[in-house]
Asker: 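Just dropping this structure here.
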Amino acid sequence: AQSVTQLDSQVPVFEEAPVELRCNYSSSVSVYLFWYVQYPNQGLQLLLKYLSGSTLVKGINGFEAEFNKSQTSFHLRKPSVHISDTAEYFCAVSPTNDYKLSFGAGTTVTVRA
Amino acid sequence: DAGVTQSPTHLIKTRGQQVTLRCSPKSGHDTVSWYQQALGQGPQFIFQYYEEEERQRGNFPDRFSGHQFPNYSSELNVNALLLGDSALYLCASSFELSIPNTEAFFGQGTRLTVV
């Protein structure tokens, strides 16, 4: 079985400041890793994914994440946030031979002017 | 491209009733997954349908059932509703020949409130 732990439930940040959202996972098999964003009253939108290869993954809207296999982490970063980045962010894992996505509990990012 | 479409967007049901939620996948997609997202939590996998059959199921009771139609659209049925079934129900579609979950698109969800 897989599990995902998002270490911060809420992250307040000022506009144009950097932000990092932390995600650790556990799995006995190889997994793919994902970050999703959910804006209020909307579904999930894929920000980025790690399948294999380079451990630094770049996504949409200026986000990037780094896969660390030894620490089983997949932290999300953005060097300069905007008000529009205010949303809920979910880390998710999926075994490479499975159809199920397992999500963390989410991190609420609130960007203030 | 309309993306993944779910209906209705909101509904209110009474304990013990039955409910049916509907999902139309993104054009070109043939696989549909359903997730339950309780307030303040991450989505939980209910099941996935492909070729009109349930091929993987999460840890949900038999009160949760589904169906996939020949046009790839899908329904989620929940019987004997409990207050704890109140949640946002998300549908995700994908294409079978893509790597699992790597090209999944989510709908905006159906907000179910059980009173």
Side-chain angles (χ1 to χ4, degrees), chain A residues 1-10 21-25 27 29-53 57 59-60 65 67 74 76 87-108, chain B residues 2-7 9-10 21 23-26 29-51 53-60 68 87-111:
Chain A
Q2 294 71 45
S3 68
V4 179
T5 302
Q6 292 185 239
L7 299 168
D8 308 288
S9 60
Q10 296 193 23
L21 309 183
R22 298 179 294 168
C23 172
N24 289 345
Y25 71 94
S27 176
V29 299
S30 297
V31 295
Y32 299 133
L33 297 154
F34 307 82
W35 275 99
Y36 283 88
V37 61
Q38 186 175 38
Y39 299 104
N41 301 314
Q42 294 195 22
L44 300 174
Q45 180 182 6
L46 181 65
L47 280 176
L48 48 77
K49 60 192 175 192
Y50 174 79
L51 306 184
S52 65
V57 179
I60 62 171
F67 169 57
F74 190 53
L76 180 71
E88 188 84 10
Y89 292 81
F90 293 96
C91 181
V93 302
S94 172
T96 58
N97 61 348
D98 205 312
Y99 303 108
K100 166 186 171 181
L101 274 167
S102 297
F103 289 85
T107 298
T108 302
Chain B
V4 180
T5 305
Q6 293 187 242
S7 64
T9 55
H10 298 81
L21 311 182
C23 172
S24 293
K26 179 179 170 62
H29 285 184
D30 54 9
T31 301
V32 174
S33 301
W34 287 92
Y35 289 81
Q36 180 195 65
Q37 185 179 12
L39 197 62
Q41 298 183 23
Q44 299 289 318
F45 177 77
I46 303 175
F47 42 54
Q48 184 180 87
Y49 275 83
Y50 173 66
E51 291 190 329
E53 292 192 357
E54 179 187 298
R55 71 172 169 183
Q56 187 171 354
R57 188 178 184 92
N59 189 25
F60 279 81
Q68 185 179 34
L88 180 68
Y89 288 84
L90 296 166
C91 169
S93 74
S94 57
F95 182 51
E96 170 65 9
L97 294 183
S98 63
I99 299 172
N101 291 311
T102 60
E103 303 294 339
F105 284 78
F106 282 80
Q108 296 202 348
T110 294
R111 174 73 63 186

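Below, each value reflects all heavy atoms present in this structure, side chains not excepted, and no hydrogens, waters or symmetry copies.
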Asker: For B/Gln37, is it the side chain, the backbone, both, or neither that has a heavy atom closer than 4.5 Å to a heavy atom of chain A?
Answerer: side chain
Asker: Determine the interplanar angle of the A/Tyr36 and A/Phe103 rings, folded into 0 to 90°, and report it as parallel if under 30°, tilted if 30 to 60°, perpendicular if over 60°.
Answerer: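 Tilted, since the angle between the ring planes falls between 30° and 60°.
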Asker: At a heavy-atom separation under 4.5 Å, does A/Asn97 approach chain B through its side chain, its backbone, both, or neither?
Answerer: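 Contact with chain B involves no heavy atom of A/Asn97 at all.
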Asker: Tell me, side chain or backbone of A/Leu51 under 4.5 Å from chain B's heavy atoms, or both, or neither?
Answerer: side chain
Asker: Please identify each residue that fulfils side chain to side chain contact (heavy atoms under 4.5 Å, CB included) with B/Glu54, with sequence neighbours left out.
Answerer: B/Phe47, B/Tyr49, B/Arg57
Asker: Test your reading of the model: is there a side-chain donor-acceptor pair from B/Gln68 to the backbone of B/Asp30, 3.5 Å cut-off?
Answerer: yes
Asker: Should the pair A/Phe67 and A/Phe74 be assigned to parallel (<30°), tilted (30 to 60°) or perpendicular (>60°) ring geometry?
Answerer: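 Judged by the thresholds at 30° and 60°, the geometry between A/Phe67 and A/Phe74 is perpendicular.
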Asker: In chain order, what residues pass the ring pair (Phe, Tyr, Trp, His ring centres under 6.0 Å) check against B/Phe45, with sequence neighbours excluded?
Answerer: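 Expected list: B/Tyr35.
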Asker: Does any heavy atom of chain A fall under 4.5 Å from the side chain of B/Arg55, the backbone, both, or neither of them?
Answerer: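 Only the side chain of B/Arg55 comes within 4.5 Å of chain A.
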Asker: What part of B/Gln48 gets within 4.5 angstrom of chain A, counting heavy atoms only: side chain, backbone, both, or neither?
Answerer: side chain
Asker: Is it the backbone or the side chain of A/Tyr99 that comes under 4.5 Å from a heavy atom of chain B, or both, or neither?
Answerer: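 Both backbone and side chain.
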Asker: Mark yes or no for whether A/Thr5, through its side chain, and A/Leu7, through its backbone, hold a donor-acceptor pair below 3.5 Å.
Answerer: no
Asker: Given a strict heavy-atom distance threshold of 4.5 Å, which part of A/Gln38 is in contact with chain B: side chain, backbone, both, or neither?
Answerer: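 For A/Gln38, the side chain is the part near chain B, not the backbone.
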